[in-house]
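To start, the structure under review is shown below, and the notes come after it.
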Number of protein chains: 2
Amino acid sequence: MAKKQSKKEIIIQEAAIIFKQKGYAATSMRELAEKVGMEAASLYNHIRSKDEILEEICFKVANQYVSHISSIEDTKESNIQKLRDLIQLHVRMIIADPNEVSVANNDWKNLSETKKELYKTIRKGYEKRIANLIKAGIEAGEFKDLNVSVALFTLLSSLRWIELWYKPGRDISPEQLENDLMTLLINGFQK
Amino acid sequence: MAKKQSKKEIIIQEAAIIFKQKGYAATSMRELAEKVGMEAASLYNHIRSKDEILEEICFKVANQYVSHISSIEDTKESNIQKLRDLIQLHVRMIIADPNEVSVANNDWKNLSETKKELYKTIRKGYEKRIANLIKAGIEAGEFKDLNVSVALFTLLSSLRWIELWYKPGRDISPEQLENDLMTLLINGFQK
DNA sequence: CCTACCGATCGGTAGG
DNA sequence: CCTACCGATCGGTAGG
């Protein structure tokens, strides 16, 4: 699979695993170093600070979501189909990068003040675009006349939660997961 | 409102606010002490440890959920109505105790090893009871034939997320919130 | 990439 | 409820 990973990439990958398990603040650089197989001090030859690791994870994830939503918006499909595409995007992101998605979702609060503001701005922009999709669906008569905020956050939460319990070893395949989620959500939304 | 709150209750209440904002691990006892209006050392006249505060919050919340679900199970109503009751329970718990519910949901990982196991056991028991409700609904032909796990976690996640964005100051009342959530979820579930 | 080590801060205690 | 303080651990640096 992954062929030529830099030490920095390995550090960030291992960090995501530990951060997901116990949280960013509760994880020490010494513990991370042990996992990577070096002394804590040696980590700093590859990364600038503990902060930096969190930043890399959070913004990598955020940027991936943002870049994918553009292509969904640009299709000429129905809003219900765009909703389907969005559900699929989230399921696949979580399956592809479960640890990093989890850390971004749970530990962005621990970003430095300026980075935290930036993160919130990006996330708000993303949410706004989904809200517009929902609004368009309602106006087109495709969706029920729901409060847009409630619909938006019910949708996002249903998608976010996957990261907290879905493990490939479970009794359900990614395809089944996508299908059942779509059934539940689309029937909830559809008029 | 609250008339005779002990110092311990005040400490726990303030702790829940800070823990929600920055997370348990990132909150220091000195910061908590300042909020309560005393020195850090003085906190220990009212509480045994930082751990204890987290335990009190997590298990208070967990026990409240568990105690309420019994009365929902015991009614002779349809499964769809029980689902409605469950949605209402979660909305009201979040509105009544937003900070403590949030901390229980986000920071239980920071409980001591034994307490964490206990918490997980309680939570699994709770989830099992909701899963049984969903199964009963499917068998009775009231709900769609969905994968029970997907239905369970989509439901729980939709309910959990409220805590992360709902503020009473928002443009939507608790009643509207309950109604729209029910519309979305019931239509997703209902056959 | 390691040894050695820094200042800061942590949760918590002693003693009043 | 405070002053004074503890040992432990934290993120991070110097120097090789």
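Chain A is the first sequence line, chain B the second, and so forth, proteins listed ahead of strands; every chain is numbered from 1.
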Study note, to complete from the structure: 5'-most contact on DNA chain C (nearest-nucleotide basis), A:Ala40 vs B:Arg48, goes to A:Ala40

Review point. Quick one: is the NZ or CZ of A:Lys109 closer than 6.0 Å to the six-membered ring centre of A:Tyr24, and within 45° of its axis?
Key: no

Point to revise | Under-4.0 Å salt bridge between B:Glu56 and B:Lys8 | key: yes

Point to revise | N-O pairing of A:Lys124 and A:Glu127 below 4.0 Å | key: no

Check your understanding: Any side-chain heavy atom of A:Leu118 sitting closer than 4.5 Å to one from A:Phe59?
Key -> yes

**Study point:** Counter-base of D:dT9, judged by Watson-Crick or G-U geometry with both distances under 3.5 Å
**Key:** C:dA8

Practice item. With a 3.5 angstrom cut-off on both distances, give the Watson-Crick or G-U wobble partner of D:dG15, or none if there isn't one. Key: C:dC2

Check your understanding: Which sits closer to the 5' end of DNA chain D, B:His46 or B:Arg30, going by the nucleotide each is nearest to?
Key -> B:His46

Review point. Under the salt bridge (Lys or Arg N to Asp or Glu O under 4.0 Å) criterion, do B:Lys82 and B:Glu73 qualify, and how do the steps go?
Key: CA-CA 7 Å; B:Lys82 285 181 181 172; B:Glu73 287 171 338; over 6 Å; no

Point to revise | B:Arg160 to A:Trp161 six-membered ring, cation-pi geometry met (6.0 Å, 45°) | key: no

Study note, to complete from the structure: Of A:Ser42 and B:Ser28, the one whose nearest nucleotide on DNA chain C sits closer to the 5' end is A:Ser42

Check your understanding: How would you give the extent of chain A contacts on DNA chain C, as first and last nucleotide 5' to 3' within a 4.0 Å heavy-atom cut-off?
Key -> C:dC1 to C:dA4

